[in-house]
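Below you'll find the structure, written out as structure tokens, and then a few comments.
Below, all heavy atoms of this structure are taken into account, side chains as well, without hydrogens, waters or symmetry copies. Bear in mind the structure is a predicted one, so any value in this text is a computation, not a measurement. Throughout, a chain's letter reflects where its sequence line sits, starting with A, and its residues are numbered from 1.
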Amino acid sequence: MVTEGTFESRPLDALNSARNKRVIVELKNNKQFVGKLKAFDIHVNVVLDEAEERADGETKRKLGSVFLRGDMIVMISTE
Amino acid sequence: MVTEGTFESRPLDALNSARNKRVIVELKNNKQFVGKLKAFDIHVNVVLDEAEERADGETKRKLGSVFLRGDMIVMISTE
Amino acid sequence: MVTEGTFESRPLDALNSARNKRVIVELKNNKQFVGKLKAFDIHVNVVLDEAEERADGETKRKLGSVFLRGDMIVMISTE
Amino acid sequence: MVTEGTFESRPLDALNSARNKRVIVELKNNKQFVGKLKAFDIHVNVVLDEAEERADGETKRKLGSVFLRGDMIVMISTE
Amino acid sequence: MVTEGTFESRPLDALNSARNKRVIVELKNNKQFVGKLKAFDIHVNVVLDEAEERADGETKRKLGSVFLRGDMIVMISTE
Amino acid sequence: MVTEGTFESRPLDALNSARNKRVIVELKNNKQFVGKLKAFDIHVNVVLDEAEERADGETKRKLGSVFLRGDMIVMISTE
Amino acid sequence: MVTEGTFESRPLDALNSARNKRVIVELKNNKQFVGKLKAFDIHVNVVLDEAEERADGETKRKLGSVFLRGDMIVMISTE
């Protein structure tokens, strides 16, 4: 059965362990944002601090704090 | 565990701290709106005051108060 | 915290203040409808009276009363 | 506040006043159906009687009674 | 007010009267299936018996019993 | 009225009768998977055993057991 | 009737048996990720460890631990 009890079994818990670390967020429109993971919720809405948009490994613009809507997110990984 | 208790852990709280400040809102259709963040809800529906639509850093049209539907929003950042 | 108590903080309340005024509604298919805002609901379904479809600032067709489905709506602003 | 009490304030009520009248329904795939509005529900699923599909103002095919799924609907207006 | 009480006012009831009759189902990918309507639910998931896929009025392939997912459906009409 | 009581009236029941039989699953991206239907749920998430991907009637790759997400599914039919 | 009682009948249970094994995850944008399945939830959000992105059978980049949003997922199979 799919238990909801154990800590390591849930994706949002795994995401939680990335809090305050720098993460890469890839969006459905192929944009890539890098920043410190400050907040997220069950919709995978995400707030990054010290964020920047990147393209092909290069910084495209610096953005400070950004809110990214969850339904646009494809992937989140630690940098 | 993903706790819902601490203030800074939720994206909508981070958004709340931008209330009454000028924000940039980027939409899925690549349009960009800039204005004072007056209101938002859990769907990320947003109301901007003194809003304008921008393209390539230039004002395209001035709009007064606008309601933007949440499911169109990609990113919100402070200007 | 995101409070739901104050009047001015919710987008649908802001929309409510536009009731019976002429508004511009932009859709995901880039169509633009102008008319008097008669009704809306939490899905942002909207009814406009004395509506017309516009393209490039010109009236394309007059439509009387129209129902616009919320999930097609990008933006609503007062004319 | 967004009240749900008054009759005229809700889009589905406005739609209800079109019941048994001929309406034009425009879909996301740009198809247009015309017919007598027999039924609709909160998802904006719609049933038209004596329906026909139109393109550029001309009847493309006659269809009798049709069920149109709500999430495909952009606009409903009285003919 | 939108009443939910009368039989003829709900789209799924209208669909119910087509049960065991041959119907045409058009999908968002422009495919067309014809068959005997055996089952449907509130999501408009549909099961057709003695089904066939058609293109331009011609049978493309015969399929026996098919399950069609509701969110792909645009239109259902009796043949 | 749309009754929920009779066995044969519900699409998921029809799907249930295909359990452990070989089925063809067509996806929104036009990919086609064939395999033994081991499991499904109300979202139409599906698990196939002894699965293979097919294109134009030919086996493209053999996959063992696959999980297919329901919202990608267009059609399920018995082989 | 669609019973929810038996272990093997539910897709998420089948997915559970792949936990800690290497899986291939295919996304709607045609990207392919391979890694050890560490976590998933009812939305099919997934966390892979020792993940890599692949294209045409070749490793494109190594990613460590990745969170993949469920609504982007098409298929999950064991490697």
Separation between CG of A/Asp41 and CG of B/Asp13, rounded to the nearest 0.5 Å: 10.0 Å
What distance do A/Asn29 atom CG and B/Asn30 atom CG have between them, rounded to the nearest 0.5 Å? 7.0 Å
Please report the interatomic distance CD(A/Glu53) to OG(B/Ser77), rounded to the nearest 0.5 Å. 10.0 Å
Closest approach of B/Pro11 to A/Ala39 (non-hydrogen atoms, all atoms of both residues): N-CB, 3.6 Å
Go through the atoms of A/Lys31 and report whether side chain, backbone, both or neither lie under 4.5 Å from a heavy atom of chain B. side chain
Pick one of side chain, backbone, both or neither for B/Leu15, based on which atoms fall under 4.5 Å of a heavy atom in chain A. side chain
At a heavy-atom distance under 4.5 Å, which candidate from A/Leu27, A/Val47, A/Leu37 has the highest pair count against chain B? A/Val47
What residues of residues 65-75 of chain A sit under 4.5 Å from chain B when you count only heavy atoms? A/Ser65, A/Val66, A/Phe67, A/Leu68, A/Arg69, A/Asp71, A/Met72
With rounding to the nearest 0.5 Å, note down the distance linking CG in A/Asn45 to CD1 in B/Ile76. 9.0 Å
